S.K.: 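One structure, pasted below without further comment.
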Amino acid sequence: MGTTVAPNAVAAVSEARQWDRLMELAALGAITGADGSPGVNRQALTPLDRLARRLVIGWGAAIGLTASVDALGNLFLRHEGTQPDAAPVLSGSHMDSQPAGGRFDGIWGVVAALEAVQALREAGVSTRRPIEVVAWTNEEGSRFAPGCMGSMAYAGHSAPDTWDAVTDGEGLRFGDELRALLASEADLPRRGLGVVEGQAPFAYVEAHIEQGPILEDEGIDIGVVTGIQGSRWFLVELTGESAHAGTSPVSTRRDAVQDMVRAITALNQLMEDPADVLRFTVARIEVAPNSSNSVAETVRFTIDFRHPDAAVLIARGDAIEATIRAAVRNCGVAVTERFHALPVQFAPEVTGAVERAAAAQGLRAKRMPSGAFHDAQFMVPLCPSGMIFIPSRRGISHNPAEYSSAAQLARGTRVLAQVLAELANG
């Protein structure tokens, strides 16, 4: 970005406007956490999600941005460039939340991109390339697993009908809910789906809260994200037989809970890492018949496994099913992999632009990897991609207590505005 226009665009970012928009969106699905913190439950493809999208579409229209939607429900707001046929620069994140989520995860990336584009327009900064604000469908994966469906389909990582039959906790199908969303937005132009049916972007930048404590602990303003560790998600189903807890001898039981304990114990041994780099989590468990005086007949549990080294991710992930089968004594075993994303490194074109913007604005910056996966992970094969992190209080996320201050958010958006202008004029 030229030195003559950078200060104007940076100054045009409105801390108050951005905060007000975030709070207006947070009212859609507002909840209160156990500690009294205000949070959000606005999951993908729900009526609340539709309302939030309409709010953002309206804000974009008010400043002259053109909305469109693709076959996966990914939403785009386009700022035109002086060369409309040039490949666009994309910036955004996601609008869906966890069931007991915070007010900033994902949604700030969408609002920040909108605010950055509005600042460029108000400062009179023209860009050679178009800039498109994007809101990806179902990043969280909390209602429909896995996450990042919209960006995976956009990038050609997975076919667009891959998840049509996936159901939520109430048995509703992703494909049906997606069709309902698209029907509700039939007034918007339909665009081609990513690289499969359209044009690859020139670059992608995603702003996000850190979701960890490093920036806050070290007094750093901006995280220059260097890459994202790999992730593999599994669903494990153990099938035994229900019996009376008071009359059936332990030696004759096909107890799914006891086999689950054996399986998880063996998995903990498989995933042991003295360096504490590996991340292994069993977080969701379903038991049937779920009665206090009956032997469990079936158990379903999830595995979330992450590591920054592809070799480790592949080797230990591939060993999961065999480890479970060797540990289980009495039950049938079914293991389904629901998500697999290898580690990625972000492009120097983007990380360099973030570092330059932070330095120009007198902000402290730090290069760092991301432990959480993001839509940016799937943009890496398509174009130079990267992320901007800002501090989040105590590193708390996926929780109503998640918090970043209005000033922290504005600093991140000012950096984003400068990065977008540099890339869009490149």
Side-chain angles (χ1 to χ4, degrees), residues 34 41 43 98-101 140-147 162-163 165-174 230-307 312-341 371-373 398-399:
N41 179 7
Q43 296 183 66
Q98 288 286 322
E140 290 291 359
S142 56
R143 184 184 180 200
F144 298 105
T162 299
W163 312 282
V166 173
T167 57
D168 66 5
E170 297 178 357
L172 297 174
R173 289 164 40 101
F174 174 80
S231 306
R232 297 181 73 173
W233 287 9
F234 299 83
L235 175 66
V236 181
E237 300 177 271
L238 305 180
T239 305
E241 184 177 48
S242 187
H244 193 294
T247 60
S248 63
V250 171
S251 61
T252 67
R253 295 179 182 179
R254 298 181 60 213
D255 187 332
V257 163
Q258 290 298 328
D259 267 347
M260 177 193 70
V261 172
R262 295 183 185 104
I264 294 174
T265 299
L267 289 168
N268 281 332
Q269 294 172 346
L270 170 69
M271 299 295 180
E272 186 175 357
D273 177 18
D276 202 22
V277 173
L278 186 150
R279 300 290 183 263
F280 170 72
T281 307
V282 173
R284 181 173 181 177
I285 299 173
E286 301 172 9
V287 179
N290 205 26
S291 166
S292 62
N293 59 349
S294 295
V295 174
E297 181 173 32
T298 59
V299 168
R300 303 171 81 217
F301 66 91
T302 60
I303 294 171
D304 183 319
F305 167 44
R306 310 187 191 204
H307 201 279
V312 175
L313 189 77
I314 292 169
R316 297 207 198 183
D318 288 352
I320 283 175
E321 182 168 358
T323 300
I324 293 170
R325 290 188 181 277
V328 165
R329 294 181 186 172
N330 303 307
C331 291
V333 176
V335 179
T336 305
E337 184 165 14
R338 302 193 295 175
F339 182 73
H340 187 150
F373 68 80
H398 288 191
N399 184 312

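What you are looking at is a predicted structure, and each value in this text was computed from that prediction instead of being measured.
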S.K.: Any salt bridge (charged side-chain N to carboxylate O under 4.0 Å, His left out) pairs touching residues 312-331, not counting sequence neighbours?
M.R.: Arg232-Asp318, Glu321-Arg325

S.K.: With rounding to the nearest 0.5 angstrom, report the CG to OG1 distance, Asn268 to Thr323.
M.R.: 11.0 Å

S.K.: Which atom names give the shortest non-hydrogen contact between Val257 and Ala296, and what distance separates them?
M.R.: CG2-CB, 3.5 Å

S.K.: Rounded to the nearest 0.5 Å, what's the gap from CG on Leu278 to NE2 on His307? Could you check?
M.R.: 5.0 Å

S.K.: Do the side chains of Ile303 and Thr281 get nearer than 4.5 Å, heavy atoms only?
M.R.: no

S.K.: Rounded to the nearest 0.5 Å, what separates atom OG in Ser231 from atom CZ in Arg279?
M.R.: 11.5 Å

S.K.: Applying side-chain hydrogen bond (donor to acceptor under 3.5 Å, both in side chains), name anything that partners Gln98, two or more places apart in sequence or on another chain.
M.R.: Glu140

S.K.: From the options Val287, Val261, Val236, select the one residue that forms a side-chain contact (heavy atoms from CB on, under 4.5 Å) with Val299.
M.R.: Val287

S.K.: So do the side chains of Thr302 and Trp233 get within less than 4.5 Å of each other, counting heavy atoms only?
M.R.: no

S.K.: Got a sec, which residues hit salt bridge (charged side-chain N to carboxylate O under 4.0 Å, His left out) with Arg306, two or more places apart in sequence or on another chain?
M.R.: Asp304

S.K.: Between Ser294 (side chain only) and Ser291 (backbone N and O only), is there a donor and an acceptor less than 3.5 Å apart?
M.R.: no

S.K.: Would Phe339 and Phe373 count as a ring pair (Phe, Tyr, Trp, His ring centres under 6.0 Å) here? Give the steps.
M.R.: CA-CA 11 Å; Phe339 182 73; Phe373 68 80; 4.9 Å; yes

S.K.: Who are the side-chain contact (heavy atoms from CB on, under 4.5 Å) partners of Asp168, not counting sequence neighbours?
M.R.: Arg143, Phe144, Glu170, Leu172

S.K.: Nearest 0.5 Å, please: how far is CG in Asp259 from SG in Cys331?
M.R.: 4.0 Å

S.K.: With Ala245, which residues qualify under side-chain contact (heavy atoms from CB on, under 4.5 Å), at least two apart?
M.R.: Asn293

S.K.: Closest approach of Leu270 and Ala319, non-hydrogen atoms and distance?
M.R.: CD1-CB, 4.0 Å

S.K.: Going by side-chain hydrogen bond (donor to acceptor under 3.5 Å, both in side chains), name the residues that satisfy it together with Trp163, two or more places apart in sequence or in a different chain.
M.R.: none

S.K.: Sequence neighbours excluded, which residues qualify as side-chain contact (heavy atoms from CB on, under 4.5 Å) partners of Thr298?
M.R.: Thr239, Ala288

S.K.: Can you name the closest pair of heavy atoms from Ala145 and Val166 and give their distance?
M.R.: O-CG1, 3.4 Å

S.K.: Just to verify, what does Asp255 make a side-chain hydrogen bond (donor to acceptor under 3.5 Å, both in side chains) with, not counting sequence neighbours?
M.R.: none

S.K.: Please identify each residue that fulfils salt bridge (charged side-chain N to carboxylate O under 4.0 Å, His left out) with Arg173, with sequence neighbours left out.
M.R.: Asp176

S.K.: Are Ile320 and Phe234 packed together at the side-chain level, in the sense that at least one heavy-atom pair is separated by less than 4.5 angstrom?
M.R.: yes

S.K.: Roughly how far, to the nearest 0.5 Å, is CD1 of Ile285 from CG of Asn290?
M.R.: 11.0 Å

S.K.: Just grab all the salt bridge (charged side-chain N to carboxylate O under 4.0 Å, His left out) pairs involving residues 234-254, residues at least two apart or on different chains.
M.R.: Glu237-Arg300

S.K.: Go through the structure and list residues passing ring-ring contact (aromatic ring centres under 6.0 Å, His included) with Phe305, not counting sequence neighbours.
M.R.: none

S.K.: Would you sort out whether Arg262 and Asn330 count as a side-chain contact (heavy atoms from CB on, under 4.5 Å), showing the intermediate values?
M.R.: CA-CA 11 Å; Arg262 295 183 185 104; Asn330 303 307; 4.3 Å; yes

S.K.: My understanding is that only residues two or more places apart in sequence, or in another chain, count here; which of them pass salt bridge (charged side-chain N to carboxylate O under 4.0 Å, His left out) with Arg284?
M.R.: Glu286

